[in-house]
Each structure stands twice: as structure tokens, then as C-alpha cells.
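Convention: sequence-line order gives letters A, B, ...; per-chain numbering from 1. Atoms considered below: every heavy atom in the structure, side chains included; atoms not considered: hydrogens, waters and symmetry mates.
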Number of protein chains: 2
Amino acid sequence: MPAATPETVQRFVEAWGAMGSLWGINRSVARVHALLMATEEPLALEEIAERLQISKGNASMSLRELRTFGVVRQVEVAGERRDFYVTEPDVWLMFFRILKERKRREFDPALEAIHALVDAPGATGAVRGRLEQMADLLTTVEGVVNRFLQDPQSSRSALAFIAGMPFGRRQNGKG
Amino acid sequence: MPAATPETVQRFVEAWGAMGSLWGINRSVARVHALLMATEEPLALEEIAERLQISKGNASMSLRELRTFGVVRQVEVAGERRDFYVTEPDVWLMFFRILKERKRREFDPALEAIHALVDAPGATGAVRGRLEQMADLLTTVEGVVNRFLQDPQSSRSALAFIAGMPFGRRQNGKG
DNA sequence: TCGTGCGTTCAGAATATTGAGAACGATCGT
DNA sequence: ACGATCGTTCTCAATATTCTGAACGCACGA
């Protein structure tokens, strides 16, 4: 059973499920993940399905996805034939894996297309200017994201560092 | 007419349309935006619809959304009765507006639910530990995002600064 | 080797999202 | 004041996504 009151767990499960769309995983997957995070002992597939009111099939697919993301793991339970699942302690990892994939599929092609457009002969005046500017911006973003993706470990502490960084409150002269 | 070859513009429009899902705007809206970015002179609604092969209705709604995001503006064209549209130079702004909204709707409730869960009496051992850890992480993320959202201007230069930051390659001792 | 329990897969149902196009209302020139 | 032009809104159709549940296959015990 969960470590807190059922209602609080329930609320967390739903909120997490809704947030899934932020990083592009679907509601069921996120809800399964949330339930495992909120539960101490390993859960069997069927219990997960029952608790979340989803079909066994759906639960199975969701668990598979979570395993490929590396955020859920199967464990053996003595005297049990069924598979049991627990969450990995590092959620961070999931964000990385997903971010990486989305970047590859959605961001990279767009950046490439912009570059093609900027480099194209015939790109003139204002259009060229703003596209160049945008290409620069996206390239910067890409650089930052790549750094983060390269090394989950240190990016985490980098994040904490950035959180403490003094930008945004003092005058910031040059653009 | 666009500032570059039609094919390159086309490619950009499609790539940008596909990338839309990354920040949560739909394909049509993103494509309209892309077309305006790639076009020097103001475009009338009907021409946009024709170029993108979408209905006038859809174009109208898309333009409205882009205007509320503040990335597209209506302009008057001498001797024309129709409305014409141009893109604002600052794309950055759009990301901010959208990010802000999604944070409010998706992220904040989840963070709140986690806190409730951690604070709940009855939260025990391992579960409590990992939820606390996650709450910390998300709170840090929230802090960073809030900073960015607060001030588009300086966050932009902060981004450039971060891009040049030397994390990730040297040993990074503590947590 | 057969029967049972279990997990996975997959076709198609249910649902959510997106888009088309008709209907409408506003504005402008005459 | 009337017709023509244009933009917006809204209903319903098309499409994409998500989910269910039946069918299947595997492993184990008898």
C-alpha cells in the first residue's frame, strides 16, 4: 500500500498524469510512473491496472515504455511467479532520455531548415535578418541542451548553480 | 513573395510546423507563423490560406492565436481594405508566453501535489525520500524557469552565458 | 504432455484534436 | 440604403491518439 493517504496519492497520480504532456509522454504512462513512485513495495501488473482503472494491456505497454526510459525496473519477489515493478530512484534520467529523443525528432530538423533558408541565395533584407537572429538563438539553445544531455550527472548540479545565478535583477547592459 | 526559393521556404514551413508540438502549438498555427517569418511583405489572410492550403477559417483562428501570443501583428496597407499581417521581430517572446502558460497549467499543480504528498503524515521511508528529492529537483527547475519568465530581456543573454559555461567537462564533485 | 496463470500483442473501439466550409455580421464604396 | 468584400464563428467531418479486451504464446507444475 502507498506510503500516504490514498487521496493524496490519487491527487499526485492525476497531477503527474496531466503533466506528462509537458515532456511528451501519455497520461497512462505517467500515471503508472506516479503510482510506482508513491508506493513503497513492488507492484504486480495486475494490481497497477486495478488501482489505476486501466486494462492489463495498457498497463503492460506503459510499463514497457517506462522500462525503456530506464525509470522502472522489474524485481523478483520470493515465492511469486508474477513480475513486480519498482521505480528507479533517478527520475531525472527520464527527462533526459525523452528530451533527447524529442530534440532529435523535432528540433534538429527545424534548425537545419532554418540554416538552409538563411544560407539560400535570394534570402534578402529583413527576412534574412530575423531568420539569422532566430538561427542564432536556436543554435545557442541547442548548445545548452546538448551540454545538458551529454552528462546528466553534472547537469544536475549545473542546474542548481544556475538557480543561484544573479541574472535578471541587475542591469544587464549588452544584449 | 518569400525572400528565398519556394522550396526552401516550404521546407522551413513544414519543419517549423512539426516543431510546434515541442512547445505545444498546433501545426497550422506554427505553419502560419513560419510563412510570415519567411516573408518580407505583409500578407493578407486569404493569401496565407492559399499558400498553406488551409481554409480561411483555420487561417483566421491561427492568426488570432498568434496575435494573442504577441508574435504577429496586423498592419495597414495603403489602398487596401483587407487586413495584412507581419511577424514581430521577437520570436523569443512567443516561447515565453507559451512556456508561462504551460507551466501554470501543467507544472504547478504537479509540484503542489508532490508537496502535499511529502508533507502528508504517513509518508514513510523510501517513498518519502524519493519524493522529497523530486520535489527539490522540481522546485529548482521552477526557480530557474521563473527567473527566465520574469525577464525575457536578460534571460536571453543569460542563455548565451550558460552556453559558454564550463560545466560538464571537468570533475564535478558534490551532488 | 496437458492445464493454468501470466504477460504481451494487436485490431479495432472510443475519444480527443484539428480542420473545412457554410453562415453570419461588419464595413466600405457608391 | 444596398451590394460587394472580407473576417470570424461555429458545426460537423476528418484525422490522430489512446485504450480496451480478446487472442496468443510461454513457462511452470502436475
Side-chain angles (χ1 to χ4, degrees), chain A residues 13-14 16-36 42-68 72-86 98 101-102 105-106, chain B residues 13-14 16-36 42-68 72-86 98 101-102 105-106:
Chain A
V13 164
E14 298 314 327
W16 200 250
M19 189 170 62
S21 64
L22 252 185
W23 42 79
I25 67 180
N26 84 18
R27 225 176 73 94
S28 293
V29 174
R31 296 202 326 145
V32 170
H33 184 210
L35 179 60
L36 286 172
L43 292 179
L45 185 144
E46 193 161 11
E47 189 174 355
I48 293 172
E50 267 169 26
R51 287 270 201 84
L52 300 179
Q53 305 264 61
I54 61 179
S55 67
K56 268 199 326 171
N58 190 0
S60 174
M61 306 261 272
S62 296
L63 284 166
R64 175 141 69 106
E65 204 163 333
L66 289 167
R67 267 176 294 158
T68 68
V72 158
R73 186 165 47 90
Q74 267 192 35
V75 293
E76 303 296 323
V77 169
E80 278 279 6
R81 196 169 137 190
R82 294 174 298 166
D83 298 338
F84 285 76
Y85 299 92
V86 293
I98 295 168
E101 181 60 16
R102 297 196 80 184
R105 283 212 310 251
E106 296 165 3
Chain B
V13 165
E14 298 313 328
W16 200 250
M19 188 169 62
S21 63
L22 252 185
W23 41 79
I25 67 181
N26 84 20
R27 225 176 72 94
S28 292
V29 174
R31 295 202 326 146
V32 170
H33 184 210
L35 179 60
L36 287 171
L43 292 179
L45 185 144
E46 193 161 10
E47 189 175 356
I48 293 171
E50 269 169 25
R51 287 271 201 85
L52 299 180
Q53 306 264 62
I54 61 178
S55 68
K56 267 198 328 172
N58 189 2
S60 174
M61 305 267 269
S62 296
L63 283 165
R64 174 140 68 107
E65 204 163 333
L66 288 167
R67 265 175 296 159
T68 67
V72 157
R73 187 167 45 91
Q74 266 191 39
V75 294
E76 303 295 324
V77 168
E80 279 278 6
R81 196 171 138 191
R82 294 174 297 167
D83 298 338
F84 285 75
Y85 300 92
V86 294
I98 296 169
E101 182 60 15
R102 298 197 80 185
R105 283 213 311 250
E106 297 165 2

Taking N or O atoms only and anything under 3.5 Å, show me the protein contacts with nucleotides 3-10 of chain D, one pair per line.
from   : atom 1 : to       : atom 2 : distance (Å)
dT5(D) : O2     : Arg81(B) : NH2    : 2.5
dG7(D) : OP1    : Asp83(B) : N      : 3.1
dG7(D) : N7     : Lys56(B) : NZ     : 3.1
dT8(D) : OP2    : Ser60(B) : OG     : 2.7
dT8(D) : O5'    : Ser60(B) : OG     : 3.4
dT9(D) : OP2    : Arg64(B) : NE     : 3.4
dT9(D) : OP2    : Arg64(B) : NH2    : 2.7

- How would you list, by chain and number, every residue that makes a side chain to side chain donor-acceptor pair (under 3.5 Å) with Arg64(B), sequence neighbours excluded?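 Partners of Arg64(B) under the side chain to side chain donor-acceptor pair (under 3.5 Å) test: none.
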- Within less than 4.0 Å of OP1 or OP2 of dG19(C), is there a side-chain N or O belonging to Ser28(B)?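 Answer is yes, contact under 4.0 Å.
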Please give, in whole Å, the distance from [N] [atom2] to [X] [atom1]?
X        : N       : atom1 : atom2 : answer
Glu65(A) : dT8(C)  : CD    : P     : 14 Å
Arg27(A) : dC19(D) : CZ    : P     : 7 Å
Gln53(A) : dA14(C) : CD    : P     : 18 Å

Would you say that [X] contacts [Y] through its side chain, given a criterion of any heavy-atom pair below 4.5 Å between the two side chains?
X        : Y        : answer
Leu35(B) : Arg51(B) : yes
Val32(B) : Leu63(B) : yes
Leu43(A) : Val86(A) : no

- Write down the atom of Ser28(B), the atom of Ser62(B), and the distance for their closest heavy-atom approach.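 Minimum heavy-atom separation between Ser28(B) and Ser62(B): CB-OG, 3.8 Å.
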- Query: Can you tell me if CD on Glu101(B) sees more than 12 non-hydrogen neighbours from other groups inside 6.0 Å?
  - Reply: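 Above 12, so yes.
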- How about Glu80(B): does its CD atom have over 12 heavy atoms from other parts shown lying under 6.0 Å from it?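 More than 12 heavy atoms, drawn from other residues, nucleotides or ligands, come within 6.0 Å of this atom.
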- Between Trp23(B) and Trp16(B), does the ring centroid distance fall short of 6.0 Å?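 Between Trp23(B) and Trp16(B), the centre distance is under 6.0 Å.
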- Message: Could you work out, with side chain to side chain contact (heavy atoms under 4.5 Å, CB included) as the rule, every residue matching Gln74(B), not counting sequence neighbours?
- Response: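 Partners of Gln74(B) under the side chain to side chain contact (heavy atoms under 4.5 Å, CB included) test: Arg67(B), Asp83(B), Tyr85(B).
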Distances under 3.5 Å between nitrogen or oxygen atoms of protein and nucleotides 12-17 of chain D:
none

- Any salt bridge (charged side-chain N to carboxylate O under 4.0 Å, His left out) pairs touching residues 22-33 of chain A, not counting sequence neighbours?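 Applying salt bridge (charged side-chain N to carboxylate O under 4.0 Å, His left out) to every pair that reaches into residues 22-33 of chain A, excluding sequence neighbours, yields Glu14(A)-Arg27(A), Glu14(A)-Arg31(A).
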- Query: How does DNA chain C look in dot-bracket form if you count Watson-Crick and G-U pairs under 3.5 Å, write [ ] for pairs that cross, and put | where a base pairs with another strand?
  - Reply: ||||||||||||||||||||||||||||||
